Protein chains: 2
Amino acid sequence: MQIKELALATGVDVETIRYYEKQGLMPAPARRDNGYRDYAVAHLERLSFIRHCRALDMPLGDVNRLLGFVDKPDRNCGDVDLLVDDQLARVRARLKSMRALEKQLLRLRARCLGSHEGAHCGILEELVSAAHGESCACHPG
Amino acid sequence: MQIKELALATGVDVETIRYYEKQGLMPAPARRDNGYRDYAVAHLERLSFIRHCRALDMPLGDVNRLLGFVDKPDRNCGDVDLLVDDQLARVRARLKSMRALEKQLLRLRARCLGSHEGAHCGILEELVSAAHGESCACHPG
DNA sequence: TAGAAACCTTGGAGCCGCTACAGTGTCAAA
DNA sequence: TTTGACACTGTAGCGGCTCCAAGGTTTCTA
């Protein structure tokens, strides 16, 4: 399988596949006489695994560690759930701050009363007032 | 005001302040005889403004555009609310995908039944099965 | 048989928003 | 006088790609 076929089969960009190889996530494939990469089914599966983990927003370092467990299934894999827990915690922390962010933006947005002259723009006033340390709709309290 | 005083007053790292100057977000301050930067109150306000926008997760490019409106308040600022709307849309899109992500991770986590032998690890099985295109707890349907 | 188009290779730079150096200079207190 | 804290510039690194240049190979079409 040439690199483009692998790319099409997995939906992963050709450059990204080469990047994964350089980063040590994908094993170097066999080469044809002309130097072209020649992938086997195992590569396709490994790439799918990587993309699945990435869809879960796991850092490539974590993906690499998971691949280590996959490669040596005899090894005790007690860290696998820790790794998933960590990822879950990261996602939840991010969710929390994003929700707060949404609220702040909504309030800021509500300050726009239709006047679009800079001197009377509620949004700009709001943002500038923050610079004066006044209480603002975005960061109340 | 020396750079460290500005940093303390705003909670912004010294290196970050210099970075903002290099990026054209902060105007170059006066220099003392020894070459040290000498900031005025206007710099403090501008830096607060920038950090407030960054707290709303706006890209620096957008912050720069807002600063343009602040600098020239006569200019019609109809784009300001568009800019905020864009940011809100970005945040909401991200929220949506993060919520989905949390669900997927929770389901994946539930696959861990206490067995930590790699060969029988529910989480690894799940992730590997995805590589085979089987339906998986993470990406159902 | 020529040439164009589509593929492949490598290496390096660019993106964002910092952060962390290295190497050097300046200043104030003990 | 020496120590320590500050300042300066310039460059490199982070993650996870993405894009580009400059070249080689293969396949299709005229």
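Since the model is a prediction, treat every value here as computed from it, not as a measurement. Here is how names work: the chains are called A, B, and so on, in the same order as the sequence lines, proteins then strands, and each is numbered from 1.
Partners of A/N64 by side-chain contact (heavy atoms from CB on, under 4.5 Å), not counting sequence neighbours, listed by chain and number: A/L25, A/L67. Residues passing the side chain to side chain donor-acceptor pair (under 3.5 Å) test with A/R54: none are found, sequence neighbours excluded. Annotation: side chain to side chain donor-acceptor pair (under 3.5 Å) contacts of A/E15 (sequence neighbours excluded): none. Remark: A/E102 engages B/R92 in a side chain to side chain donor-acceptor pair (under 3.5 Å) (not counting sequence neighbours). Evaluation of the salt bridge (charged side-chain N to carboxylate O under 4.0 Å, His left out) rule for B/R99 yields no partner, not counting sequence neighbours. Residues forming a salt bridge (charged side-chain N to carboxylate O under 4.0 Å, His left out) with A/D57 (at least two apart in sequence, or on another chain): B/R94. Every residue meeting the ring pair (Phe, Tyr, Trp, His ring centres under 6.0 Å) condition with B/Y39, not counting sequence neighbours, appears here in chain and number order: B/H43. Residues satisfying the side chain to side chain donor-acceptor pair (under 3.5 Å) criterion with A/Q23, sequence neighbours excluded, are absent altogether.
If you walk DNA chain C from 5' to 3' and mark each nucleotide with an atom closer than 4.0 Å to a heavy atom of chain B, the marks span C/dG17 to C/dC27. Contacts between chain B and DNA chain D, taken as any atom within less than 4.0 angstrom of a protein heavy atom, begin and end at D/dC6 to D/dT11.
Ranked by how close their nearest DNA chain C nucleotide is to the 5' end, B/Y36 and B/M58 are led by B/M58.
For residues 12-35 of chain B, proximity to DNA chain C is found at B/E15, B/T16, B/Y19, B/Y20, B/N34, defined as any non-hydrogen atom under 4.0 angstrom from a strand atom.
The salt bridge (charged side-chain N to carboxylate O under 4.0 Å, His left out) pairs that include a residue from residues 1-11 of chain B number zero, where partners must be two or more places apart or lie in different chains.
Ionic pairing of A/R90 and A/D62 is present here: one or more N-O contacts between side-chain nitrogen and carboxylate oxygen are shorter than 4.0 angstrom.
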